[in-house]
Amino acid sequence: MRVLFLGDIVGHAGRRAVQDQLPALKERLKPELVVINGENAAGGFGITPTICNGLFKAGADIITTGNHVWDQREIIPHIDHEPRLLRPLNFPARTTPGRGAGLFVTTEGRRVLVINVMLRLFMEPLDDPFECVEQVLADSPLGETADFILIDMHGEASSEKMGFGHHFDGRVSAIIGTHTHVPTADMMVLESGTAYQTDAGMCGDYDSVIGMKKDKAITRFVTRMPGPRLEPARGEATLCGALVVSDDRTGLATRIEAVRVGGLLSPAMPAT
């Protein structure tokens, strides 16, 4: 099975890159499922129902989020009625709208479990991400309930992300990080067969400070004052992500390859 994952969409530039590039990518790479992190899609902060619909129209099957999921208040009533939009699993289950995981059936009839979880080091202290994922996997194990399991781990610290990846190695098909907006070079299939990358990077303009206009971001660092509200950079974006290929017999990964198209970063395209 082939699954395409794209990192955090940042602002209009990131949305434009996805809308322009995704149809051709799908034609070339033939993924059965496309998962995109959209938590910075609305001006760099959150996502709206209109943007969700636009991303689905562009070819996304599932949209994941992270710590900015609630920045656009209109998404709060919408998320309960859109099962393809996930929020981090480890928000308090009884009081938080939406869902953190979903089992989706592809057009080829395969069952894909997508889990969206937020880690805790240097992040908001949510419920234990390890335990929350354990509970989902107990109900939907790979090879039984699910043919492919993908986890979007939204986190800051590379150490926590790597620990998370090794902890669940062999029990899921792929674990790919989001949040830092910089693609890491550690794409690998772990010892027990899980595809892993610490961070997929962003779909956004890299002539920026992690997707935001340089001058305002730099002013904050130099002056140590809050300064004006950050705004997404609007130059040509690089679309960043990964293609994961799994063994249909086991659900475990056989390879993971970088996807980078457009903008300033060096291009990368999986072998078809």
Side-chain angles (χ1 to χ4, degrees), residues 1-8 18 21-37 58-64 84 86 101-117 133 136-137 140-153 161-162 164-178 183-203 238-262 265-272:
M1 185 173 178
R2 300 161 72 88
V3 172
L4 178 63
F5 181 85
L6 299 181
D8 313 49
V18 170
Q21 302 289 350
L22 184 54
L25 275 178
K26 292 180 70 172
E27 179 65 26
R28 176 169 182 167
L29 300 178
K30 301 292 192 295
E32 284 190 39
L33 197 79
V34 177
V35 181
I36 303 177
N37 187 295
D61 295 301
I62 312 298
I63 299 172
T64 55
R84 297 172 295 172
L86 301 179
L103 188 66
F104 305 94
V105 180
T106 71
T107 55
E108 288 78 7
R110 281 187 272 241
R111 303 157 299 171
V112 181
L113 175 62
V114 180
I115 302 172
N116 188 184
V117 69
V133 171
V136 174
L137 295 182
S140 301
L142 184 64
E144 297 180 27
T145 306
D147 301 305
F148 190 105
I149 299 176
L150 169 69
I151 300 177
D152 174 349
M153 57 171 180
K161 286 178 167 180
M162 296 188 83
F164 189 89
H166 287 295
H167 181 76
F168 290 105
D169 180 23
R171 291 189 281 166
V172 303
S173 310
I175 299 175
I176 301 178
T178 56
T184 56
D186 60 346
M187 288 181 170
M188 56 184 157
V189 177
L190 300 177
E191 181 179 8
S192 296
T194 294
Y196 175 87
Q197 185 183 15
T198 297
D199 203 285
M202 68 175 176
C203 298
T238 304
L239 182 149
C240 289
L243 178 74
V244 179
V245 181
S246 67
D247 184 332
D248 289 339
R249 297 170 302 166
T250 64
L252 294 173
T254 58
R255 61 186 170 103
I256 177 172
E257 295 189 54
V259 175
R260 290 192 301 274
V261 181
L265 299 193
S266 59
M269 185 61 60
T272 55

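Taking CD of E257 as the start and CD of Q197 as the end, the distance is 12.0 Å to the nearest 0.5 Å. In this structure, the separation between OG1 on T194 and NE2 on H167 is 11.5 Å, given to the nearest 0.5 Å. Rounded to the nearest 0.5 Å, atoms CD1 (I36) and CG (L4) are 7.5 Å apart. The line from OH of Y196 to NZ of K161 is 7.0 Å long, rounded to the nearest 0.5 Å. Separating the CG atom in D169 from the CG atom in L190 is a distance of 4.5 Å, to the nearest 0.5 Å. One distance of note links CD1 of I115 with CD1 of I175; it measures 9.0 Å at 0.5 Å rounding.
Shown here is E191, whose CD atom has no more than 12 heavy atoms of other residues, nucleotides or ligands within 6.0 Å.
Taking 4.5 Å as the limit, some side-chain heavy atom of M269 sits within range of a side-chain heavy atom of L29. By the 4.5 Å heavy-atom criterion applied to side chains, T64 and T178 are not counted as neighbours. No side-chain heavy atom of L150 sits under 4.5 Å from any side-chain heavy atom of I62. The closest side-chain heavy-atom distance from D152 to V114 is not below 4.5 Å. I151 has its side chain within reach of F164: a pair of non-hydrogen atoms, C-beta onward, lies under 4.5 Å apart. Annotation: side chain of D8 is in contact with side chain of N37 (closest heavy-atom distance under 4.5 Å). No side-chain heavy atom of V244 sits less than 4.5 Å from a side-chain heavy atom of F5. Residues M1 and D248 meet the side-chain proximity criterion, which asks for heavy atoms closer than 4.5 Å.
Here the closest heavy-atom approach between residue L22 and residue A58 is recorded as CD2-O, 3.6 Å.
The backbone N or O of A268 sits nowhere less than 3.5 Å from a side-chain atom of R260 that would complete a donor-acceptor pair. In this structure, R111 contributes its side chain and T145 its backbone to a donor-acceptor pair below 3.5 Å.
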Apply the test side-chain contact (heavy atoms from CB on, under 4.5 Å) to residues D61 and F104: give CA-CA distance (whole Å), side-chain angles for both, the deciding distance (0.1 Å), then the verdict.
CA-CA 9 Å; D61 295 301; F104 305 94; over 6 Å; no
